[in-house]
Amino acid sequence: QIQLVESGGGSVQAGGSLRLSCVVFGITYSPDCMGWFRQAPGKEREWVATIPTAGDSPAYAGSVKGRFTISQDNAKNTLYLQMNSLKPEDTAMYYCAAEWRRCRTVRLDVVSEYTYWGQGTQVTVSS
């Protein structure tokens with residue numbers, strides 16, 4: 001059974017940093033396309049970033065570009081999100097998502113395009 005487990009969330013002050021991790025269990029080969037989404041209370045889940053297992057460069061939402069970095073370690077089946085210069089508006093539950101289709105065939109910012117999801121890790125940024 002495929003499982004995605006996030007960790008690394010917490011509470012920080014504005015300007016601080018956090019590093020999220022997402023480990024994928026129960027697989028024989030790595031997903032082709034993995035991403036991070038976030039959902040603030042009362043808001044829809046929104047796309048943050050996506051990285052292909054091989055080939056194309058990562059893609060980022062405009063609101064996080066230049067502050068967040070997505071990366072992965074295929075040997076450890078782990079996805080990361082380094083978040084720097086955090087702002088109060090980054091406060092949300094962060095979810096990782098995985099898809100066994102090439103990123104080029106995935107609408108990166110669409111929730112329904114990703115088949116597997118983690119349970120989320122909370123990030124709270126105070127001003």
Side-chain angles (χ1 to χ4, degrees):
Q1 182 178 357
I2 295 172
Q3 278 189 303
L4 280 64
V5 180
E6 302 99 331
S7 62
S11 297
V12 296
Q13 290 192 325
S17 299
L18 283 173
R19 187 194 195 203
L20 306 183
S21 299
C22 171
V23 181
V24 185
F25 295 97
I27 59 175
T28 54
Y29 62 95
S30 298
D32 296 291
C33 191
M34 293 198 70
W36 288 97
F37 284 72
R38 65 187 182 185
Q39 188 167 17
K43 295 188 176 181
E44 292 188 352
R45 191 167 299 191
E46 66 170 358
W47 173 67
V48 174
T50 296
I51 186 168
T53 300
D56 297 334
S57 300
Y60 298 91
S63 59
V64 306
K65 198 169 186 178
R67 300 188 297 123
F68 291 10
T69 302
I70 188 172
S71 62
Q72 59 188 4
D73 184 337
N74 290 333
K76 297 181 179 179
N77 292 330
T78 302
L79 178 73
Y80 301 101
L81 185 68
Q82 178 66 44
M83 305 186 295
N84 298 328
S85 302
L86 282 161
K87 304 175 181 180
E89 50 264 43
D90 294 318
T91 295
M93 185 74 77
Y94 282 70
Y95 299 90
C96 66
E99 180 60 35
W100 272 261
R101 286 184 294 146
R102 292 185 65 188
C103 281
R104 290 185 181 183
T105 67
V106 175
R107 290 173 291 173
L108 302 181
D109 60 343
V110 177
V111 171
S112 60
E113 288 283 284
Y114 298 82
T115 304
Y116 296 93
W117 292 83
Q119 81 291 346
T121 186
Q122 178 67 38
V123 171
T124 303
V125 185
S126 58
S127 57

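Count residues from 1 along the sequence.
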Undergrad: Can you name the nearest heavy-atom pair linking Lys43 to Gln39, along with the distance?
TA: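 Shortest heavy-atom separation between Lys43 and Gln39 comes out as O-NE2, 3.1 Å.
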Undergrad: In Å and rounded to the nearest 0.5 Å, what is the CD1 to CG distance from Ile27 to Asn77?
TA: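 One finds 4.0 Å between CD1 of Ile27 and CG of Asn77.
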Undergrad: Distance check, rounded to the nearest 0.5 Å: Cys22 atom SG versus Gln72 atom CD?
TA: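 Result: 10.5 Å between the selected atoms.
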Undergrad: Decide whether Phe37 and Met34 are clustered together by the hydrophobic rule: side chain heavy atoms of Ile, Leu, Val, Met, Phe, Trp, Tyr closer than 4.5 Å, transitively.
TA: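 Per the 4.5 Å side-chain linkage, Phe37 and Met34 are not co-clustered.
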Undergrad: Do Val111 and Glu44 come close enough that some side-chain heavy atom pair is under 4.5 Å?
TA: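 No, too far: nothing below the 4.5 Å cut-off.
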Undergrad: For a side-chain contact (heavy atoms from CB on, under 4.5 Å) check, start with the C-alpha distance between Thr69 and Tyr60, then their side-chain angles and the critical distance, and finish with the verdict.
TA: CA-CA 8 Å; Thr69 302; Tyr60 298 91; 3.8 Å; yes
Undergrad: Is there a donor-acceptor pair closer than 3.5 Å between any side-chain N or O of Glu113 and the backbone N or O of Val106?
TA: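 Not at all, since once roles are kept as given, no pair shorter than 3.5 Å links the two residues.
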Undergrad: State the OG-CG distance between Ser11 and Leu18, to the nearest 0.5 angstrom.
TA: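 So the gap between those two atoms works out to 8.5 Å.
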Undergrad: Could you check whether any side-chain heavy atom of Tyr114 comes within less than 4.5 Å of a side-chain heavy atom of Thr50, counting everything from C-beta outward?
TA: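 The answer is yes; the side chains approach within 4.5 Å.
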Undergrad: What distance do Ser30 atom OG and Lys76 atom NZ have between them, rounded to the nearest 0.5 Å?
TA: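 With rounding to 0.5 Å, OG (Ser30) is 13.5 Å from NZ (Lys76).
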Undergrad: Can you confirm whether Asp32 sits close enough to Cys103 that some side-chain heavy atom of one is under 4.5 Å from a side-chain heavy atom of the other?
TA: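 No. Closest side-chain heavy atoms not under 4.5 Å.
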Undergrad: Do you reckon Trp47 sits in the same ILVMFWY cluster as Phe68, going by side-chain contacts under 4.5 Å, direct or chained?
TA: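 Trp47 does not cluster with Phe68.
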Undergrad: Would you say CZ of Arg102 has more than 12 non-hydrogen atoms from neighbouring residues, nucleotides or ligands within 6.0 angstrom?
TA: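 Count not over threshold, so no.
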Undergrad: Less than 3.5 Å apart, which donor and acceptor atoms pair up between the side chains of residues 79-96 and the rest of the protein, not counting sequence neighbours?
TA:
{"unit_1": "Gln82", "atom_1": "NE2", "unit_2": "Asn84", "atom_2": "OD1", "d": "2.9"}
{"unit_1": "Asn84", "atom_1": "OD1", "unit_2": "Ser17", "atom_2": "OG", "d": "2.9"}
{"unit_1": "Asp90", "atom_1": "OD1", "unit_2": "Arg38", "atom_2": "NH1", "d": "2.9"}
{"unit_1": "Asp90", "atom_1": "OD1", "unit_2": "Arg67", "atom_2": "NH2", "d": "3.0"}
{"unit_1": "Asp90", "atom_1": "OD2", "unit_2": "Arg67", "atom_2": "NH1", "d": "2.7"}
{"unit_1": "Asp90", "atom_1": "OD2", "unit_2": "Arg67", "atom_2": "NH2", "d": "3.4"}
{"unit_1": "Asp90", "atom_1": "OD2", "unit_2": "Lys87", "atom_2": "N", "d": "2.8"}
{"unit_1": "Thr91", "atom_1": "OG1", "unit_2": "Pro88", "atom_2": "O", "d": "2.9"}
{"unit_1": "Thr91", "atom_1": "OG1", "unit_2": "Val125", "atom_2": "N", "d": "2.9"}
{"unit_1": "Thr91", "atom_1": "OG1", "unit_2": "Val125", "atom_2": "O", "d": "3.4"}
{"unit_1": "Tyr94", "atom_1": "OH", "unit_2": "Arg38", "atom_2": "NH1", "d": "2.9"}
{"unit_1": "Tyr94", "atom_1": "OH", "unit_2": "Asp90", "atom_2": "O", "d": "2.6"}

Undergrad: Looking at every non-hydrogen atom in both residues, tell me the closest pair between Glu6 and Gly120 and how far apart they are.
TA: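 In this case the closest contact between Glu6 and Gly120 is OE1-N, 2.8 Å.
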Undergrad: When hydrophobic residues are tied together by side-chain contacts of less than 4.5 Å, even through go-betweens, does Val24 share a cluster with Tyr29?
TA: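 Per the 4.5 Å side-chain linkage, Val24 and Tyr29 are co-clustered.
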Undergrad: Testing the basics here: between Ile70 and Pro58, what is the closest heavy-atom pair and its distance to 0.1 Å?
TA: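 Closest heavy-atom pair between Ile70 and Pro58: CG2-CB, 3.6 Å.
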Undergrad: What distance do Leu108 atom CG and Ile51 atom CD1 have between them, rounded to the nearest 0.5 Å?
TA: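 Rounded to the nearest 0.5 Å, the CG-CD1 separation comes to 11.5 Å.
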Undergrad: Checking Trp100 side chain against Thr115 main chain: does a donor-acceptor pair fall under 3.5 Å?
TA: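 No, the answer is negative, given that no donor and acceptor are paired below the 3.5 Å cut-off.
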